[in-house]
There are 2 protein chains.
Amino acid sequence: MSKGAAHSLYGNPVTVGEVKVAKRSIRGRVVVIDDDVEILAALAALLALENYSCETYASALAYLEVHGKQYPGNFVPSCVLCDVKMPEVDGLELQSRLSALDDTPLLLMSGVSGAPEAVSAFRAGALDFLIKPLDADILLNAVLKALAVSAERQRLKERKLNLAGRIATLTKRELEIARKVALGQTNPSIAQELGIALRTVKLYRQRAMEKMGAKVTADLVRLADEGGLS
Amino acid sequence: MSKGAAHSLYGNPVTVGEVKVAKRSIRGRVVVIDDDVEILAALAALLALENYSCETYASALAYLEVHGKQYPGNFVPSCVLCDVKMPEVDGLELQSRLSALDDTPLLLMSGVSGAPEAVSAFRAGALDFLIKPLDADILLNAVLKALAVSAERQRLKERKLNLAGRIATLTKRELEIARKVALGQTNPSIAQELGIALRTVKLYRQRAMEKMGAKVTADLVRLADEGGLS
DNA sequence: TTTAATTTTGCCCTTTAGGGCAATTGTTTT
DNA sequence: AAAACAATTGCCCTAAAGGGCAAAATTAAA
């Protein structure tokens with residue numbers, strides 16, 4: 001592991017390999033948190049070599065501070081790799097705080113800790129628990145998986161947001177009718193239930209389909225299910 | 001914890017509280033595996049008190065032997081609660097063997113073990129890892145969750161099987177047409193693609209819906225998605 | 001208050017969906 | 001060989017879907 005990359009050692013985030021970012025495609029962003037600056041440096045170097053974008057923090061607090069101020073809409077697969085044993089806010093504490101704000105996959109690492117720490121970490125939803133001394137292969141493999149999970153979550157979230165956005169453009173009637181159509185009700189039946197004219201139902205049905213981006217009714221059924229309109 | 005329930009101590013499965021089964025509703029079946037027969041007895045008693053059906057085994061091999069010969073179609077939520085440290089086949093080994101055969105949730109428990117064991121267990125898909133000495137509340141809570149997971153998995157599996165069964169009754173043409181209908185194609189379009197008459201398409205479409213138990217097209221769309229026909 | 005947007009409806013016309021009735025081929029199973 | 005099932009089609013008829021054209025009635029915003 002070369003240590004050529006420049007990075008801050010005391011809490012300030014640093015992106016390693018920014019030049020590379022423009023050249024090669026980045027595989028994802030890894031946030032490393034450890035109070036041992038040597039480990040921080042080594043991990044940063046290793047991750048940079050593997051073409052990951054990497055931010056390092058010497059304490060959980062330092063990360064939490066920056067985290068809140070980050071511009072949202074960050075569509076890069078990311079994960080947090082955090083040491084368990086740290087002063088003030090330890091890894092498990094960070095985990096519980098992050099889980100409330102974020103769904104970024106978390107990898108915890110620890111030295112001589114016993115089973116209880118590992119168990120707590122997993123129960124709280126940690127994706128993996130790495131035991132120091134770290135093995136590069138195991139670490140990189142864990143990062144790979146975490147980023148894959150992150151990418152999948154982001155993909156899903158984006159899709160949900162997109163869908164929710166489209167649903168939000170529906171008027172009350174359009175929404176009502178889209179629901180009933182997705183349930184398989186016929187236009188005449190809907191018209192009767194809502195006490196409106198058949199022509200009206202057809203019109204809104206058509207508009208709802210347009211707004212939802214559904215070419216055929218089958219699409220609307222799927223979108224309605226996915227968007228929770230059923 | 002009373003020890004009134006009878007149970008075998010050396011590998012033969014025993015159902016504790018069979019009489020109760022008929023009276024109160026059983027909350028699920030727990031398979032306990034531990035080479036320490038005292039723990040076995042204590043757990044059996046505790047679980048029986050909580051109205052769980054319980055089988056005990058003094059070794060993983062004993063359980064594996066019986067497991068293969070069990071009548072399938074066992075629609076009772078179940079989980080396995082297994083000690084990690086055992087001679088011959090230990091908990092982690094059992095875990096990997098079971099995962100190939102079964103999707104029953106597994107709870108592992110261990111005494112003075114370190115983080116590595118716990119980590120291995122979770123990585124291999126264990127639902128939880130309980131540290132001895134066992135706390136009754138923690139244990140029962142873990143069992144509760146495991147059985148909930150089991151129930152959900154069984155529900156899903158049953159649903160899949162049921163759906164697969166219905167799909168299996170479709171003839172080739174019916175299946176083909178069901179697919180295209182689920183994609184939103186119109187009957188005339190399908191007729192043209194398959195080079196058959198419109199009337200034929202209508203007939204098979206109708207039959208496919210009947211066989212699949214779909215009253216309206218929207219239902220067929222959902223069933224097709226769920227059954228992987230899309 | 002006047003404009004803009006939403007909600008609503010009627011008339012009319014074409015295409016699809018749904019389905020009854022009757023019948024013709026191959027294939028498979030008993 | 002006869003029965004049963006799969007695949008097919010034609011004719012005909014009703015109901016539902018999709019949509020153009022024109023226009024009230026309401027409501028919210030400028």
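A quick note: this is a predicted structure, and the numbers were derived from the prediction, not measured.
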Discussion item. Distance check needed: D:dC5 P versus B:E174 CD, whole Å only.
Written reply: 13 Å
Item to complete: Rounded off to whole Å, could you give me the CG-to-C1' distance for the A:L175 and C:dT7 pair?
Response: 15 Å
Worksheet item: Less than 3.5 Å between a donor and an acceptor, one on the side chain of A:R199 and one on the base of D:dG20, is that the case here?
Response: yes
Item to complete: Taking atom NZ of B:K145 as the centre, report whether more than 12 heavy atoms of other residues, nucleotides or ligands fall under 6.0 Å from it.
Response: no
Fill in: Atom-pair distance (CD on B:E210; P on C:dG20), nearest Å
9 Å
Worksheet item: For the pair made of CD in B:Q192 and P in C:dT15, what is the distance, rounded to whole Å?
Response: 15 Å
Item to complete: Would you please confirm or rule out a distance under 4.0 Å between OP1 or OP2 of C:dA17 and any side-chain N or O of B:R205?
Response: yes
Discussion item. In whole Å, I'd like the distance from the CD atom of A:E176 to the P atom of C:dT6.
Written reply: 17 Å
Item to complete: State whether B:T217 places a side-chain N or O below 4.0 Å from either non-bridging phosphate oxygen (OP1 or OP2) of D:dA17.
Response: no
Worksheet item: Do other residues, nucleotides or ligands put more than 12 heavy atoms under 6.0 Å from A:R159 CZ?
Response: no
Item to complete: Have a look at A:L198 and say if it touches a base, only the backbone sugar-phosphate, or nothing, with a 4.0 Å heavy-atom cut-off.
Response: nothing
Worksheet item: So does B:Q192 have more than 12 non-hydrogen atoms from other groups sitting under 6.0 Å from CD?
Response: no
Fill in: A:K202 NZ - C:dC13 C1' separation (whole Å)
10 Å
Discussion item. So if I take every side-chain heavy atom of B:A197 and compare against C:dT16, D:dG10, C:dG19, which nucleotide ends up nearest?
Written reply: D:dG10
Worksheet item: Please give, in whole Å, the distance from D:dA17 C1' to A:I177 CD1?
Response: 14 Å
Worksheet item: When all nucleic acid strands are considered with a 4.0 Å heavy-atom cut-off, which category describes B:T200: base, sugar-phosphate, or nothing?
Response: base
Item to complete: Please determine if a side-chain N or O atom of B:T171 lies less than 4.0 Å away from the OP1 or OP2 oxygen of D:dC5.
Response: no
Worksheet, complete the sentence: In whole angstroms, the gap separating P of C:dG19 from NZ of B:K215 amounts to 14 Å
Discussion item. Heavy atoms from C-beta onward define the side chain here; which of D:dG18, C:dT7, C:dG18 lies closest to that of A:R207?
Written reply: C:dT7
Worksheet entry | Position toward the 5' end of DNA chain D (nearest nucleotide), B:Y204 or A:N187 | B:Y204
Discussion item. Once rounded to the nearest 0.5 Å, what's the spacing between atom CG of A:L108 and atom SG of A:C82?
Written reply: 6.0 Å
Item to complete: Report the residue (B:G184 or B:L203) whose heavy-atom-nearest nucleotide on DNA chain C is the more 5′ of the two.
Response: B:G184
Worksheet item: Which nucleotide in the list D:dA16, C:dT8, C:dG18 gets nearest to the side chain of A:I196?
Response: C:dT8
Worksheet item: How far apart are the C-alpha atoms of B:Q95 and B:S120, what are their side-chain angles, what is the distance that settles it, and do they pass the side-chain contact (heavy atoms from CB on, under 4.5 Å) test?
Response: CA-CA 10 Å; B:Q95 181 178 20; B:S120 300; over 6 Å; no
